[in-house]
Undergrad: 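One structure, pasted below without further comment.
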Amino acid sequence: MDRKEFEKRFAAARRAVIERDFADLNEMQRRSVMATEGPLLLLAGAGSGKTTVLINRIANLIRYGRASDSDEVPEEAGEAELAALEEEAGKTGEVPEEVRELCGLDPVEPWRIIAITFTNKAADELKTRLEKKLGPGAQDIWAMTFHSACVRILRKSVEVLGISPKFTIYDSADSAAVMKRVLRELNMDEKQFPPKQVLSVISRAKDRLQSPADFEAAAEKAWDPRQKYIAKAYREYSRRLLSADALDFDDLIYYTVLLLRDYPEVRGEWQRRFRYVLVDEYQDTSNLQYLLAAMLAGERENICVVGDDDQSIYRFRGATIENILSFENRFRDARVIKLEQNYRSTGHILGAANSVIRNNSERRGKNLWTAAGEGEKLVLHVAEGDDAEAEFVAETILNAVAGGMRWSDFAVLYRMNVQSNRLEYAFKRLAVPYKVVGGTRFFDRAEIKDITSYLAVVNNPADDLRLLRVINNPPRGIGETTVERLRTAAGAERRPILDVAADAGRYPELKSAAGKLMGFISLIMELRSLAETLTLEEFYDALLEKTGYMEALGDSDEALARKDNIMELKSNIVNYAAGAETPSLAGFLDEIALYTDLDSVDVGGESVILMTVHSAKGLEFPWVFLVGMEENLFPSGRSTNSEEELEEERRLCYVALTRAKKRLILTAARRRLLFGHTTANAVSRFVEEIPDEHIDRPAEPRMGGGFIREPDPDFLEFSYRESRREDRRGQDMGAYRGYGRRGSFSGGAAAPRPAPKRTVSGPAPLPELSAGDRIRHRAFGEGTVVSVTSMPGDALLTVDFGGTQKRLMLKAAGAFITKI
DNA sequence: ATCATAACGCTTTTT
DNA sequence: GCGTTATGAT
């Protein structure tokens, strides 16, 4: 056998052995895993197992390197090795380690692989699954979000750009606060230049790699006065962030791209480091993110992107579907593999989704299919009003749960967050446990921002924004006038405010406040030195004490809830310290800056999940209710002017439909109260796009619907009468945890509502209950608490009264309950 | 400084 | 309709 013949057989046998290692994948999935070299575009439909592919692809790289995609045979391989491989190729099951080594061709070290995702949640899932498959070595893989990858790169290499590697990260609220300030000082009217809009123009500019100067030049050239104003704002905004050593979310990527573009040594360093680049959710990448990925991949072009053009729903934030549509133009010789087999949904659900998305013209074209059965047809329910719609959803869930389903089997999806109100109301009345995802978030709460601002100032004293937030909080006699003078002086000299405050004696206008300022300075200095000696946990406690923050809160009910949140933040710190390799204050601040509440969505919990369609991307549920399927709502009234926007809405609808595994129920309301007006909308065009073979529509749409059952009067009795009652006491139950909207944490901590006028005298304190407690109920007698489930602003009790279980809302029934 | 009232304005929002 | 924010009064 000549060498050529030998190599051919060797490569074939090797490929067969590797294929055996990935035998549990389908044909297309396996091809995606084995095509390791060069640019690869993976068009992965919803539910087609793309994370599985990503995991196995990485496993392949680490085990076999480029062996599955190459005909190269190692010099030292001989007849004996070939015989061993050919024998192994015929077997099935796990490939033994020594055979793997025989097959390997430049196996990749884990730290040479970077897998970029959009959300922390996706990154975490990737990490967990990689570790499960590959063991502890998987920790060295860079599985992280675009933003955290950039933070890591910048912390190491950003100094050449003249930015301190200890930079602080500003979140959107911080950016907005700075921008408001800038606009005010430039005398730009907030009506004419809404801060958020200005920020978004700047964001687009950065996406085009335009610096403030570039932007200004473009505005000059275009003779566009409005753009010229915005250019000024852009310049000033950037100046402030840089002088505070702060980067906003966009900057993290923008500066990383500049760094790699303009500094060949830095670029080379990172390109040598990463041999393989993988990008998840590629349809949602912006131009900058594309540039980043492409630059990291370098000339090797070992770049694999996974995406679904039909699920691109963030165009409005700068994502460009162009990235996926023109991948092959940008990377010559790119291979394209489509994953079209869906493992999630039934035939009817996929049929409906396909028939909707077919109406889009801007797509690469792809048809999902399933080997699972047809399943049940979709159902369209048209309710009379939005209240009836919400009730229908709650009732249907109650019935299904009575039939053995679990609360967590259901998700209710809507287009806009406001739509959750009606649903929440109905769910509370009918005692359906639920969780709302999105809305006001833990890290947006005032007390959390206060404490993290202290942490930020200790970490970076140049952070003027955070400094101003805490300089007189708790009150220490540094009033508005002093702050204003500080700001002016600091602005004029382009120095950090803290420096100016330390020199207060030198400024006549600050003389009178110098003593108080010195007090504040020494507080910060003391904290800075404590931060160097104490552990994070000890430091946190010291900070609360030295600043007097906790003490100043007092002990009102609201303050107690705030204190609870502050302690919750502490457990975040403790958690972080326990998990990080080298815990540091800076590291913790990075973590929380890039963290969102969505990451803590507990889909496994025993509650129905309520969220927007956007938040639902990437998730799946046995039953999905898609509510508000009306024109002007979904598609949104603002999107019906342009075909592009309408197509984005349609993709959004496609995302919603493909979340369902078993059953999909669409609802619409004839009348809906929206923005204070009652509107009457036609059923959504998207519903009309679903053919009758996949959906049951009401023959003659009428009030109500077939299967609404009568509410159980037992638990409604109190709800109806008492549901308006507001008690803020006693809701701090141990079991009652979780992030949600509107201060669900402790019964309205962050959004305290004024107590409504009562005809009844003062409220009776609510008992604190947990599972196992014995109680006496005024109407039902003695019982045992079976479970306590948190619900936003309330809690659901399941109580066993001598054999019969009843479900009661704590707020409504609490007044009738005593603990025994 | 803290509260109350008026005024506005309003898709979606991975970081 | 509701929730956030700006402004003014005590």
Undergrad: Counting heavy atoms from C-beta on, name the nucleotide in dG9(B), dC10(B), dT12(B) closest to the side chain of K191(A).
TA: dG9(B)
Undergrad: Check N323(A) against N287(A) and note the closest heavy-atom contact, atom names and distance.
TA: ND2-N, 4.4 Å
Undergrad: I would like to know whether E630(A) and R415(A) meet side chain to side chain contact (heavy atoms under 4.5 Å, CB included); could you show each step before the answer?
TA: CA-CA 10 Å; E630(A) 298 145 40; R415(A) 178 70 243 265; over 6 Å; no
Undergrad: By nearest atom, which of the nucleotides dT13(B), dA6(C), dT15(B) is closest to the H147(A) side chain?
TA: dT15(B)
Undergrad: Check if the side chain of R317(A) and the base of dT15(B) share a donor-acceptor pair of N or O atoms closer than 3.5 Å.
TA: yes
Undergrad: Is F146(A) touching bases, backbone alone, or none of the nucleic acid, heavy atoms closer than 4.0 Å?
TA: nothing
Undergrad: Checking salt bridge (charged side-chain N to carboxylate O under 4.0 Å, His left out) between D174(A) and each of R181(A), R466(A), R240(A), which is the one that passes?
TA: R466(A)
Undergrad: Heavy atoms from C-beta onward define the side chain here; which of dT11(B), dT12(B), dT14(B) lies closest to that of S636(A)?
TA: dT11(B)
Undergrad: Report which part of the nucleic acid E649(A) touches: base, sugar-phosphate, or nothing (heavy-atom distance under 4.0 Å, all strands).
TA: base
Undergrad: Given the ring of Y549(A), does R562(A) sit roughly above its face, with NZ or CZ under 6.0 Å from the centre of the six-membered ring and within 45° of the axis?
TA: no
Undergrad: What integer number of Å spans the C1' atoms of dT11(B) and dA6(C)?
TA: 24 Å
Undergrad: On a heavy-atom basis, which atom in T667(A) and which in E389(A) lie closest, and how many Å separate them?
TA: OG1-OE2, 2.7 Å
Undergrad: Among dT14(B), dT11(B), dT12(B), find the nucleotide with the atom closest to the side chain of Y314(A).
TA: dT14(B)
Undergrad: With respect to the side chain of S615(A), which nucleotide from dG1(C), dT13(B), dT15(B) is positioned closest?
TA: dT13(B)
Undergrad: Let's see if you can work this out: which of dC10(B), dT15(B), dT14(B) has an atom nearest to the side-chain heavy atoms of D284(A)?
TA: dT14(B)
Undergrad: Where the side chain of R638(A) is concerned, which of dT15(B), dT12(B), dT11(B) is the nearest nucleotide?
TA: dT11(B)
Undergrad: What's the closest nucleotide to the side chain of M416(A) if the choices are dT13(B), dT11(B), dT15(B)?
TA: dT11(B)
Undergrad: From dT2(B), dG1(C), dT12(B), pick the nucleotide closest to the side chain of T612(A)?
TA: dT12(B)
Undergrad: Check every strand shown and say whether E645(A) touches a base, only sugar-phosphate, or nothing at a heavy-atom separation below 4.0 Å.
TA: base
Undergrad: Nearest of dT11(B), dT15(B), dG1(C) to any side-chain atom of L673(A)?
TA: dG1(C)
